[in-house]
Amino acid sequence: MTSFIPMNNVQFDKRLEDVQQCSDKVILTFADGKTADASILVGSDGIQSTVRAHILRHLYPDQVEPVYADSYCYRGVIPIAEAQEILGSHTDTAKFYFGDRRSCVAYRISEGREFNFLLCVADASKPWRAGHTVTEKVTHEQMMADFQDRGIDERFLRLLSKASPIRWGFFHHLHTPTYYRGRAVLVGDSAHASLPFQAAGAAQGVEDALVLSELMLKLARGSCDNGNSETQISAALGAYDAVRRPRAQGQLSRAAEVGQMIHFQHQEVGSDMTRILGKLQNESFFDQLWFHDLKKDLQLASQKMDECLQC
Ligand SMILES: Cc1cc2nc3c(=O)[nH]c(=O)nc-3n(C[C@H](O)[C@H](O)[C@H](O)COP(=O)(O)OP(=O)(O)OC[C@H]3O[C@@H](n4cnc5c(N)ncnc54)[C@H](O)[C@@H]3O)c2cc1C
């Protein structure tokens, strides 16, 4: 992928601190005091995004910060032999284990040489204590206590004992009223940070890039020259928002719903595994995520941009 990027366009060790928009450009100020300007700013700066704050803080100040989803996890990566000793053949394929306010997600990584696992806790009674920081260090004993005395299979306790005693808070951008303002636009987690329960957060970021690059190409080719550059950029980013936001926010809400199901907290299906599986195996639940027609999205985005510019 990096071979497609001209290296003289890349700069490392830069931290964006401020964004200002003018009618003809956007000006970026970095922590080293230097500035740069661009026609369009694409913010892919993750869940604690500076660009998101720039886009939303004036009109939607309550929607800037990620929302704590009353749950957290402990994570670990161990050699596959260690995992097999604990879980045997359950390590062969990716697995979600459901439970009452405790769950586990586990799968092989590193071409099968390592085993990645998340042991999750849903606890609506306690607020997140670390503010907007997504991790909190605890003691090994505190970590183990989260899963002890709950009748949990001892194999999960053995797995947990190998995790790092760090709580990873589950945060998401549950509501985002727009992905752009003027010449600045969001892609990836800055737009739609999600709970991990559909394993689809990064994939949505890739879909963003696909649609946005198609519209950028259209802009660069000047295939519709109605209006000045500001109007054209606004039409392109408006089309991006119209196509991407409903889909990415839909993914995010369903990931939160799976999070409720995995912890037996879903209002409709509770702890009834037959009903939970019925819901998850319902064709539309995952199909619309996995088998979506992205080519149609590209056509739709292009059409929306043309409509806006009356081309
Ligand atoms: C436990 C867990 C499991 C997951 N599992 C999956 C999965 O199985 N499948 C999947 O598709 N997704 C998964 N995800 C989601 C996935 O990790 C994210 O969606 C993805 O990493 C987001 O990519 P991003 O580039 O938008 O943001 P990030 O990966 O967060 O990258 C943002 C970058 O911007 C930089 N940055 C931030 N602020 C500034 C600034 N002011 N100036 C300059 N640089 C800045 C950061 O240093 C960072 O390098 C999971 C997430 C979690 C937490």
*Give the intermediate values and the outcome of side chain to side chain donor-acceptor pair (under 3.5 Å) for residues Ser103 and His263.*
CA-CA 6 Å; Ser103 69; His263 292 122; 2.9 Å; yes
_Greater than 12 external heavy atoms within 6.0 Å of Asn9's CG_ =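 More than 12 within 6.0 Å, yes.
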Salt bridge or not for [X] and [Y], using N-O below 4.0 Å?
X	Y	answer
Lys295	Asp293	no
Arg108	Glu114	no
Lys279	Glu268	yes

*Does NZ or CZ of Arg101 come closer than 6.0 Å to the centre of the six-membered ring of Phe264, within 45° of the ring's axis?*
no
For [X] and [Y], which heavy atoms make the closest approach, and how far apart are they?
X	Y	result
Val134	Trp128	O-CZ2, 3.5 Å
Arg183	Cys22	NE-O, 3.9 Å
Leu159	Leu87	CD2-CD1, 4.0 Å
Met216	Leu237	CE-CD2, 4.0 Å
Leu215	Ala301	CD2-O, 3.7 Å
Ile55	Ala184	CD1-O, 3.4 Å

*Can we call the ring centroids of Phe170 and Tyr72 under 6.0 Å apart?*
no
*asked:* Run Gln249 and Tyr179 through side chain to side chain donor-acceptor pair (under 3.5 Å) and show every step you take.
replied: CA-CA 11 Å; Gln249 294 301 128; Tyr179 285 177; 2.6 Å; yes
_Spacing of CZ belonging to Phe171 relative to CG belonging to Leu195, to within rounding of 0.5 Å_ = 10.5 Å
*Drop me the distance from Arg75's CZ to Ser164's OG, to the nearest 0.5 angstrom.*
9.0 Å
*Verify side-chain contact (heavy atoms from CB on, under 4.5 Å) between Cys73 and Arg167, making sure each step is shown before the conclusion.*
CA-CA 6 Å; Cys73 70; Arg167 289 180 180 159; over 6 Å; no
*Cluster link Met143 to Ile86, ILVMFWY, side chain under 4.5 Å*: yes
Regarding [X] and [Y], is there a side-chain donor-to-acceptor distance under 3.5 Å anywhere?
X	Y	result
Arg254	Gln288	yes
Ser89	Asp92	no
Glu214	Ser302	no
Asp208	His192	yes
Ser229	Gln232	no
His173	Asp189	no
Gln63	Arg52	no

*For Arg113, check side chain to side chain donor-acceptor pair (under 3.5 Å) against everything at least two apart and list the hits.*
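In terms of side chain to side chain donor-acceptor pair (under 3.5 Å), with neighbours along the sequence ignored, Arg113 is linked to Glu111.
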*List the steps, then state whether side chain to side chain donor-acceptor pair (under 3.5 Å) holds for His54 with Asp18.*
CA-CA 8 Å; His54 164 76; Asp18 188 47; over 6 Å; no
*How far apart are the C-alpha atoms of Leu289 and Gln198, what are their side-chain angles, what is the distance that settles it, and do they pass the side-chain contact (heavy atoms from CB on, under 4.5 Å) test?*
CA-CA 9 Å; Leu289 182 63; Gln198 290 200 115; 4.0 Å; yes
*asked:* Walk me through whether Asp146 and Tyr74 qualify under side chain to side chain donor-acceptor pair (under 3.5 Å).
replied: CA-CA 10 Å; Asp146 265 345; Tyr74 299 102; 2.6 Å; yes
